[in-house]
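As structure tokens, the structure follows; a few thoughts come after it.
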There are 2 protein chains.
Amino acid sequence: MTLDARQLGTYFALMEAVSLLQHHVEQQLREEGGLSSVQFQLLARLAHGPGALTMTELADGVVYSRSGLTYQAGLLEKAGLIERGPSPGDERAIQVAITQKGRDLVEHVLPGHAEVVRSMLFDPLAEADVETLGTLMNRVRDHMRALPPRSAAPRRKRSE
Amino acid sequence: MTLDARQLGTYFALMEAVSLLQHHVEQQLREEGGLSSVQFQLLARLAHGPGALTMTELADGVVYSRSGLTYQAGLLEKAGLIERGPSPGDERAIQVAITQKGRDLVEHVLPGHAEVVRSMLFDPLAEADVETLGTLMNRVRDHMRALPPRSAAPRRKRSE
DNA sequence: GCTAGTTGCTTCGAATTCGAATAACTTGCT
DNA sequence: AGCAAGTTATTCGAATTCGAAGCAACTAGC
């Protein structure tokens with residue numbers, strides 16, 4: 001089963017565009033905030049969310065390995081942007097919370113970040129296109145999230 | 001200038017979906033061919049193109065740093081999947097060509113690769129959606145490629 | 001044909017990433 | 001209770017990445 005020409009073209013355009021966008025976003029964040037893209041995503045998730053999250057919840061949101069998250073959390077904590085504390089319910093879990101300094105930094109780089117995304121991604125799209133793209137990618141994203149984890153799906157309790 | 005809610009939702013869905021897809025593709029390539037995503041892209045580009053490419057041409061296509069490409073080309077050559085030779089016109093350029101073994105490997109992992117992309121990305125999309133997505137992303141990609149290069153940093157005075 | 005500047009690639013060091021192994025804790029089963 | 005199995009986070013080593021510096025070859029100007 002192979003992909004037809006149209007699918008291939010769509011696939012390549014999608015991956016290349018995102019790759020280019022990622023690259024530019026990375027540079028903007030580095031220049032204006034000294035942050036990597038991953039660090040910004042972590043901070044933004046913490047800043048936007050209601051309260052503290054555990055390491056696992058954070059990793060799930062960013063598609064990151066746990067060990068990589070430990071490393072980044074160490075850097076962010078050393079920089080005073082987040083704080084780690086024990087979790088009330090579960091002794092082995094860690095609650096990660098953003099500090100005021102972290103919030104300030106996110107606020108500081110956010111305009112530039114938004115500007116890069118706007119000028120690169122949304123500039124060539126009409127308003128209706130943005131909605132269309134959003135609808136499609138939300139559908140795709142939800143579909144991907146619902147797929148069984150690749151390779152040897154550990155048996156889960158029956159559907160819930 | 002900030003992004004509105006619809007733009008944000010579109011942006012997040014796009015990045016997350018591609019991230020998930022990347023992750024699964026990476027696993028499939030590793031399992032079935034012992035290749036990283038980057039290595040596969042390089043081989044695929046060489047296999048599909050007309051003939052040999054220079055290192056720079058290869059790097060441009062994959063948005064990779066030159067030094068990273070040198071490293072990967074070294075690995076691929078050691079594995080016998082590509083060959084590096086002098087370039088006719090320019091003594092300092094390197095012509096990179098794929099070997100038969102490289103072609104065979106690409107052919108071997110291609111079906112699985114296509115299957116992952118199909119089941120994750122195209123499964124939830126109707127035919128018309130694929131065309132729509134392709135049209136939009138091609139437009140975005142072309143727009144991004146046409147933007148002034150990121151490296152032209154106007155102000156470089158922060159010497160710290 | 002010489003010298004300065006540019007281009008193509010590689011080498012080097014530092015930072016980041018992942019997976020496997022480990023430690024601490026929780027849950028389930030008998 | 002007590003032991004086995006699962007979960008959560010970290011540490012460790014190996015692989016990969018990037019940018020800066022270095023080298024060799026080309027180009028332009030004199």
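Chain A is the first sequence line, chain B the second, and so forth, proteins listed ahead of strands; every chain is numbered from 1.
Checked against a 6.0 Å centroid threshold, the rings of B:Tyr11 and A:His113 count as neighbours.
The backbone N or O of A:Gly85 lies less than 3.5 Å from no partner atom in the side chain of A:Gln95, so there is not a single donor-acceptor pair. The backbone N or O of A:Phe122 lies less than 3.5 Å from no partner atom in the side chain of B:His143, so there is not a single donor-acceptor pair.
Following rounding to the nearest Å, A:Arg66 (CZ) and C:dA21 (C1') show an atom-to-atom distance of 16 Å. What separates CE of B:Met55 from C1' of D:dC23 is a distance of 15 Å, to the nearest Å. Taking atom CG of B:Leu42 as the reference point, atom C1' of D:dT16 lies 13 Å away to the nearest angstrom. Counting to the nearest Å, the P atom of D:dA15 and the CD atom of B:Glu26 are 16 Å from each other. Atom P of nucleotide C:dC25 and atom CD of A:Gln95 are separated by 16 Å, given to the nearest angstrom. Distance CG (B:Asp60) to C1' (C:dC9): 13 Å, rounded to an integer number of Å. If you take OH of A:Tyr64 and C1' of D:dT10, they are 17 Å apart, rounded to a whole angstrom.
Within residues 87-94 of chain B, the residues that place at least one heavy atom under 4.0 Å from DNA chain C are, in residue-number order, B:Arg92, B:Ala93, B:Ile94. The stretch residues 67-84 of chain B touches DNA chain C through B:Ser67, B:Thr70, B:Arg84, each having a heavy atom within less than 4.0 Å of the strand.
In this structure, the separation between CG on A:Leu58 and CD1 on A:Ile82 is 7.5 Å, given to the nearest 0.5 Å.
At a threshold of 4.5 Å between non-hydrogen side-chain atoms, the residues A:Thr54 and A:Asp90 do not count as touching. When side chains are defined from C-beta on, A:Val140 does not count as touching B:Leu133, because their heavy atoms never get closer than 4.5 Å. Inter-residue side-chain proximity for A:Val116 and A:Leu29 is flagged as unmet; no heavy-atom pair is nearer than 4.5 Å.
Dashed line: the shortest gap from a side-chain N or O of A:Ser36 to OP1 or OP2 of C:dA15 is not under 4.0 Å.
Checking C:dT10, C:dT16, D:dT17 against every side-chain atom of A:Arg30, the shortest atom distance belongs to C:dT16.
Electrostatic pairing of A:Arg145 and B:Glu16 counts as a salt bridge here, judged by a charged N lying under 4.0 Å from a carboxylate O.
Each of B:His24, B:Glu31, B:Glu32 was checked for a side chain to side chain donor-acceptor pair (under 3.5 Å) with B:Gln28, and the lone residue meeting it is B:Glu32.
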